[in-house]
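Everything below concerns the one structure shown next.
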Amino acid sequence: MHFLDELNEQQREAVEYIHGPLMVIAGAGSGKTKVLTARIAYLMERGVDPFHILALTFTNKAANEMKARVERMLGNTEARNLYIGTFHSVFARLLRSDAHRLGYPANFTIYDTDDSKSVLKKIIAELKLDEKHYRPNIVFQRISNAKNSLIGWQEYQQYHELLQEDNRAGRPMIAKIYEYYARRCFQNGAMDFDDLLYQMYVLLTQFPDVLHKYQHKFQYILIDEYQDTNPAQYAIIKLLGAVHENICVVGDDAQSIYSFRGATIRNILQFEKDYEDVKVVKLEQNYRSTRNILAVANEVIAYNKQQLPKKLWTQNDEGEKIKLVSLLSEYDEARFVVDAIAEQKYRNHYNNKDFAILYRTNSQSRSFEEHLRRMNIPYTIYGGISFYQRKEIKDFLAYLRVVVNPLDEESLFRIINFPQRGIGEVTQAKIRVLASEHKISVWDVMQRAQDFGFRQNIAETLDAFVTMIKNLQLMLETENAYTVALQAGKASGLVKELYNDKSVEGIARYENVQELLNAIQEFTETPDEEGELTDKSLGAYLQQISLLTDADKDTAESDTVKLMTIHAAKGLEFPCVFVVGLEEGLFPSAMSINTREELEEERRLFYVAITRAKERLWLTYAANRYRYGNQMQNDPSRFISELPPEYIDTPVDQVQLIRRVSQNMFAQQTMPFESSKNTSYRQVQSTPTSTVHVPSPDFKPDDFRLMKVGMKVEHQKFGYGQIVSIDGNATNPIATIRFELSGEKKIMLSYARLRIVSSDAEAS
DNA sequence: TCGGAAATGTTTTTT
DNA sequence: ACATTTCCGA
C-alpha cells in the first residue's frame, strides 16, 4: 500500500501542499510524525533531492526515527542524505565547517549547562562579587535568555530595559559578567548550548556568502514542535527560508511547555502573519486515546485563554473512566501506583513497558523507585543526572577535550591536578595570573613553564603534563578516536585511579568509564554506510555527545516501567499512565503561579501529561510530602477541581477529595489531613452502583490483614457485604465482596477502609 | 595541605 | 534528604 493511502483527508492535505509556507496544527496523538515523514517521502518521490531538505526536530531520537521511517516508506537508503536533527546538533555541524569565520577553532568545545555555570562562578569570584546576590543559576538564566533573544553582550550593555531590570533586582553587574563570560568562552574556543543558535545567527547575518550557500542548499525546510522554538531559532529559520519560502512548521500550541528555555508560543500563534498566503491545516482527529481521556484533556485545556481554536475528537472506544486517587503521603502514593501496576499486569495482562509514571520534578522519582524495586518490577528512569554528567565521565571527557582543544581552560583546570600530580591551587593561580599578564593562553604558559620561573620540580611536573597531552595530540593524526581515548585513560592515570578504588561507588565509576570507552569504540568502528561519509574524529565525537540526552537513549523497547518528568514524556505514549503529585505548589509549581502565562503553561503541561495515555489514566495526589527534608502539607492541585466529574472515578480516596453530601460531616471528623479550604470540587453525580450508605457512627476501619473469606464487613460507601474470596498477593490482597446494596465488587484491601461486622469466618 | 565535620543551598522543567 | 561547599584542626 502506498503511504499516501494511509492518511486521512487533513493529513494528506498537509503532505501534498509542498510549495509555500504551511502551518500544521497537530493536536496530541493526531499522527504528526506520520505526516512529517510522509511529507519528506512525498517530496523525495516527487524528485526533490534529499540533500536539499532540512528537517529540525526536538530530540535526536525523533530525528533518527524519522529518517528510518522515510527509508522504510521509500524502500531505499536515500533518506540518509537528509539534513535532519535537532536545532542544536544540525547547527553544531554547520558551525564546525565555518567556525573559523567567527574566530573559533573547528574543534570548538561545546559547554553544557554545568560547564557554563562553572565558568560563571569563576568570573563572579574574579569580579569579587557576592555569590549570594549573583547566583550562578540566575546569572546564567539571564544570559541564556539574552542569547536566545539574539542579544549579544554589546547590545545588552545598551539595552536600557534589561539594565534597569538588573538594577531593580540588585544585580547591576550582570551586563559586565555577560561580557566576561562571552570573552572567556571565545578564548576557550568553546560555545555553550545557546551559542549554537546565537553564533549560527551571527554567521548567517555577517557572512552573506554563507547565508546564500545555505539558503540555496535548503530548499525545503520542516520544523517539528514549532510551539517550542525561541526567537533565535525563529530568526534563523526565517533567514534560511527567505529565498524559497518552502517552510513547513508543525506544532500544537496546547503543548507549548518550554518557555523557561526561551521558547515563545508567539512563534506559532503568529506564524500566519509572518508570510503572505500561509496555508493552515489542522489535524484534530486523535488516534491515541480513549474518548474519556480525550474528553478530560479537552475540558482541562479549555481553561486556558490563549490558544488557537480547535477541538480534538476520536473514533476510539469510550474506555475506562479516569481514576482520581488521593493518598495521605508520598509513601502511600508510591505504594498505590506500584500496586496498581501489579494489579493491572495480573488482571489485564499488560507488560511493564505499558506503564509510565509521570511527575513534575525529577526528585519525585525516588519513592516510586523504592517501591518498584521492592516489588521486583523492572523500571527505567529518564532524566536526572545523565550518564554524561557523572563526575568520572566528565573527568575523562575533559582529558579528551583538552587533547582536541587545549584552549578549553574549563576542561584543562578540571584535570590539571586530577589524578593528583602536584599541581596544586597555588601553582594553578600563578598560571592564571601569568596568562592574563602576558595576554596569552594558559596552555601557552604551561608549554613554556621553564621560561616563567616556576620552581624546578614544578616546572618539570608541568612539562610532563604538557608532553602527555601533546603525545595524545600527535596520536590524533594517525590513530582513531578509540585508540586515543584508551591511551588518554592510561597515560593520565585516571583509569588506574578509578580501578584502585574498590568501594561500591568506585567500582561503579570504573564501570562507567569502561562503558564510555565502549561507546567510543562503537563510534569509531561503525562502518560508513554506502554513500555516507561521517566524521570519525575525536573532535566530531565530542561535539556529538555533548548534545545527546537521556531521551535519546533507546530503552523504549525494553520491558520496563518508565519513570520521567512530563517534559521528558512529550511525544511519547503509553497504554497506562499515572500522573502523580497533583498538589498545589508542586503541580502547578509554586514558581509558576505568579502570572497567567506561567499558570497556563503549567496547565498545558497537565494537558500533555493526560494526552500521553492511550487506554488508562490515573491521577494521584498526596496530602503530605517531604520537601527539603521536612514534611509539608499540600492542598490538592487546582487542576483537580477542573476535571469534569462525569469522566472521573475515585477508587481510593484517603483524603476524601470528593465528598459526598451525606458523608461530609463524617469526613471532617475522621480525616485529620482534610483541607478545609478546598471545597471547590464539583460534586460527582451519583452513579447507579453507589447507592448512598450512611456509615455507622462509630465506624472505625480494621486492619486489612485480619480480613478472611466469609466475614461480614462494612464499607463507608458501599455498606454491608460479605467477603466472597481473596486473591492477589499478601502485600496487596484483592477481595471480592458481595455488597447488599451494590452487588459484587473487587476491592484492594490495603486501601479500602473496612470494618469487620462479624467474623463468623471460614464458614465456607 | 589534607581530610573530615559543619554549614549551606537545593528542586521546575532541558537542548 | 541530599549534595556540595566551606571551615577548621592537625
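Every chain is numbered from 1, with letters handed out A, B, ... down the list of sequences.
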N/O (side chain, A:Gln420) to phosphate O (OP1/OP2, B:dC2) under 4.0 Å: yes
Closest-nucleotide ordering on DNA chain B, the 5'-leading residue of A:Arg135 and A:Phe140: A:Arg135
Sugar-phosphate only, base, or nothing, as touched by A:Ser89 at under 4.0 Å among non-hydrogen atoms: nothing
Phosphate-side-chain proximity, A:Asn137 and B:dG9, N/O vs OP1/OP2 below 4.0 Å: no
A:Arg360 side chain, from C-beta outward: closest of B:dT12, B:dT1, B:dT14: B:dT12
A:Lys570 side chain near B:dT14 phosphate (N/O to OP1/OP2, under 4.0 Å): no
From B:dT14, B:dC2, B:dT12, nucleotide with atom closest to A:Tyr258 side chain: B:dT14
Interface with DNA chain B, restricted to residues 106-115 of chain A and to heavy atoms under 4.0 Å: A:Thr113
Distance in angstrom units between A:Lys391 NZ and C:dT4 P, rounded: 10 Å
OP1 or OP2 of B:dT13 under 4.0 Å from side-chain N/O of A:Asn362: yes
Flag side-chain contact, heavy atom, 4.5 Å: A:Ile177 against A:Tyr134: yes
Between C1' of B:dT15 and CD1 of A:Ile545, the distance in whole Å: 15 Å
Spacing between A:Ile138 atom CD1 and B:dG9 atom P, to the nearest angstrom: 12 Å
Within 45° cone and under 6.0 Å: A:Lys391 NZ/CZ vs A:Phe418 ring: yes
Sugar-phosphate only, base, or nothing, as touched by A:Lys132 at under 4.0 Å among non-hydrogen atoms: sugar-phosphate
A:Asn148 side chain near B:dT15 phosphate (N/O to OP1/OP2, under 4.0 Å): no
Nucleotide B:dT14, atom P - distance to CG of A:Leu196 in whole Å: 19 Å
Rounded distance (Å) that lies between atom P of B:dT14 and atom CZ of A:Phe58: 10 Å
Nucleotide of B:dT14, B:dT12, B:dT8 approaching A:Thr565 most closely (side-chain heavy atoms): B:dT14
P spacing across the pair B:dT13 / C:dT4, given as an integer number of angstrom: 16 Å
Spacing between A:Met591 atom CE and B:dT13 atom C1', to the nearest angstrom: 11 Å
Side chain to side chain donor-acceptor pair (under 3.5 Å) evaluation trace for A:Arg142 with A:Tyr156: CA-CA 11 Å; A:Arg142 207 70 194 144; A:Tyr156 197 107; 3.2 Å; yes
Listed nucleotide nearest any side-chain atom of A:Thr86, set B:dG9, B:dT15, B:dT13: B:dT15
Sugar-phosphate only, base, or nothing, as touched by A:Ser363 at under 4.0 Å among non-hydrogen atoms: base
Partners meeting side-chain contact (heavy atoms from CB on, under 4.5 Å) with A:Gln456 (sequence neighbours left out): A:Gln450, A:Glu460
side-chain hydrogen bond (donor to acceptor under 3.5 Å, both in side chains) against A:Glu497, all qualifying residues, sequence neighbours excluded: none
Donor-acceptor contact present, side-chain A:Glu602 to main-chain A:Ser592, <3.5 Å: no
Touch class at under 4.0 angstrom, heavy-atom based, for A:Phe260 against every strand present: base
NZ or CZ of A:Arg401 within 45° of A:Tyr111 ring axis and under 6.0 Å: no
Rounded distance in Å - CG (A:Leu605) to P (B:dT14): 10 Å
Cation over ring face, A:Lys562 and A:Tyr379, 6.0 Å, 45°: no
Atom-pair distance (CE on A:Met632; C1' on B:dT10), nearest Å: 13 Å
N/O (side chain, A:Arg366) to phosphate O (OP1/OP2, C:dC2) under 4.0 Å: yes
